[in-house]
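Throughout, protein chains are lettered first and strands after them, A, B, ... in sequence-line order, and every chain is numbered starting at 1.
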2 protein chains.
Amino acid sequence: MLSLTEENYLKAIYHLSDGGSKAVLTNELAEAMNTKAASATDMIKKLSAKEFISYEKYYGVNVTHKGKVEALMVIRKHRLWETFLVDKLGFNWDEVHEVAEQLEHINSSRLIEKLDEFLGYPKVDPHGDPIPDNKGKIKAQPQLPLDQLKKGYLGKIAAVKDSDSNLLKYLDKIGAKPGTKIKILGKEDYDDSMEVLIDDHRVFISKEVSQNILVSE
Amino acid sequence: MLSLTEENYLKAIYHLSDGGSKAVLTNELAEAMNTKAASATDMIKKLSAKEFISYEKYYGVNVTHKGKVEALMVIRKHRLWETFLVDKLGFNWDEVHEVAEQLEHINSSRLIEKLDEFLGYPKVDPHGDPIPDNKGKIKAQPQLPLDQLKKGYLGKIAAVKDSDSNLLKYLDKIGAKPGTKIKILGKEDYDDSMEVLIDDHRVFISKEVSQNILVSE
DNA sequence: AATATTTTTTAGGCTAATCTAAATTTTTAT
DNA sequence: ATAAAAATTTAGATTAGCCTAAAAAATATT
Ligand SMILES: [Mn+2]
Ligand SMILES: [Mn+2]
Ligand SMILES: [Mn+2]
Ligand SMILES: [Mn+2]
């Protein structure tokens, strides 16, 4: 059993390590958690003692298999709750993250299975992020940030970065939501801004924005 | 802002005081919270400093108006979540209390208003307990424990005590749920057991059980 | 009214999660 | 290869919520 704080640290480590594929440094973790390095070190020791991460002094931490599964369960809950808030309660997609940050710590496997069923076993959350199944498996579709593609590209929006509420409001306004077709009509070499076709609407977007739109196909 | 622990203490004080109508003693509170008297005293001082309760040393505590409203908001959330779990997720009524104990601490007024709307503004929870509105108002219908009535009584089940999961399972089995008509066919003076008609079924119930069925009309 | 019992409070400690400041180790720059 | 800089860890406090043991106050009993 992890405390709420331990769950949050572990989730942050999982995300910062790109799903367990690289080591996470103490300062990175402290910054992500809005705490100080000394606090991060303390928590690293605790999670390491419980074998959710492996830790070599001064060289950062890696998530263990056990840690990955645990982190994915929290992420599963977060994304199911976000889906519930948008699909059932009518929240906008820029309003759900903070509430889901609380709901993800509710501890009841029965609840989360029932919720999953109630939502119709969704594969992705409102921002297009995949929802792990109850074993921690994720159906990862290969995704690319839009800014790395060039004129003429035609594909589908797979997901958007869900961190900034204002960005989400803007993306909503221009119709950029997961599942929508998108085409790059032109790209400006100087600043990587581009003109795109989203849902038959022509829009100019900056690199700032295109970096946060993930496409597939 | 109250911590989760403060919310739980305040709710316990509210319930033990019968909605603010009598003083609550330190030992009572400690027992209800499964802590020791010293811990209860500590918390009493904190809640008193924040003016959710008034406190006279050695003579127990009373809930203030501010404290009542706060407690009722937690109770509102608890009962709305219980309703959600039963009505939408298909939980049995004996499975919801523990989960609702966690969910009642989620802090988002938007969430609770949306949830209320989603549920169709229910007036009572699955156990028949009234759900306070967002101002803390409760529509209290006068209720009596069934064991205090005699042969020939005809009325409706208003609520059942929701504390014991095994009792709830039993009540479910005999069809004793809020809204159901109930008639006392006979009562045994010796032990106050009775034969009742619930939903056209004849059932013998002990005083143990009839005490926990609240009727109205 | 004095004493015994019960209840409540206080004193002093413990753990989790945080901090600041100091010490240590690694990394970078000369 | 040293010295300076940066990153990390350790040491020592603090706060919330809990505990046990002791002191104090209220209540009950003789
Ligand atoms: Mn989110
Ligand atoms: Mn999301
Ligand atoms: Mn309940
Ligand atoms: Mn209830």
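- Here B:Thr5 lies in heavy-atom contact (under 4.0 Å) with sugar-phosphate atoms only.
- Closest to the A:Leu25 side chain, of the nucleotides D:dT20, D:dT8, C:dT9, is D:dT8.
- If you take CG of A:Leu4 and C1' of C:dA16, they are 12 Å apart, rounded to a whole angstrom.
- Taking atom NZ on A:Lys57 and atom P on C:dT24, their separation rounds to 11 Å, with Å as the unit.
- When each of C:dT9, D:dC18, C:dT26 is scored by its nearest atom to the side-chain atoms of B:Tyr9, the top-ranked nucleotide is D:dC18.
- When the side-chain nitrogen and oxygen atoms of A:Thr26 are compared with OP1 and OP2 of D:dA7, none of them lie within a distance under 4.0 Å.
- Aromatic ring centres of A:Tyr9 and A:Phe52 lie farther apart than the 6.0 Å criterion allows.
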Under 3.5 Å, side-chain donor or acceptor atoms of residues 158-165 of chain B against the rest of the protein: list the pairs with distances, not counting sequence neighbours.
from	atom 1	to	atom 2	distance (Å)
B:Asp164	OD1	B:Asn166	N	3.0
B:Ser165	OG	B:Asp94	O	3.4

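- Salt bridge annotation for A:Asp116-A:Arg76: present, with a cationic side-chain nitrogen under 4.0 angstrom from a carboxylate oxygen.
- Heavy atoms of A:Thr35 sit under 4.0 angstrom from primed sugar atoms or phosphate atoms, though from no base atom.
- With the 3.5 Å cutoff on both pairing distances, Watson-Crick and G-U pairs in DNA chain C assemble into runs of at least 3 at C:1-30 with D:1-30.
- For the OP1/OP2 pair of C:dT10 and a distance below 4.0 Å, the side-chain nitrogens and oxygens of B:Lys45 include at least one atom meeting the criterion.
- Heavy-atom distances to DNA chain C give each of A:Tyr58 and A:Lys36 a nearest nucleotide, and the one nearer the 5′ end belongs to A:Lys36.
- Sorted by first and then second residue, the pairs that involve residues 5-31 of chain B and meet salt bridge (charged side-chain N to carboxylate O under 4.0 Å, His left out), not counting sequence neighbours, are B:Glu6-B:Lys46, B:Glu6-B:Lys50, B:Lys11-B:Glu101, B:Lys11-B:Glu104, B:Asp18-B:Lys22.
- Exactly one residue among A:Lys151, A:Lys150, A:Lys207 makes a salt bridge (charged side-chain N to carboxylate O under 4.0 Å, His left out) with A:Asp192. That residue is A:Lys207.
- In this structure, the CD atom of B:Glu6 is 15 Å from the P atom of D:dT15, given to the nearest Å.
- Using modelled atom types and a 3.5 Å distance limit, the side chains of A:His97 and A:His127 yield no donor-acceptor pair.
- Nucleic acid contact class of B:Ser39 (heavy atoms, under 4.0 Å, all strands): base.
- Using cut-offs of 30° and 60° for the angle between ring planes, the A:Phe118 and B:Phe118 rings count as perpendicular.
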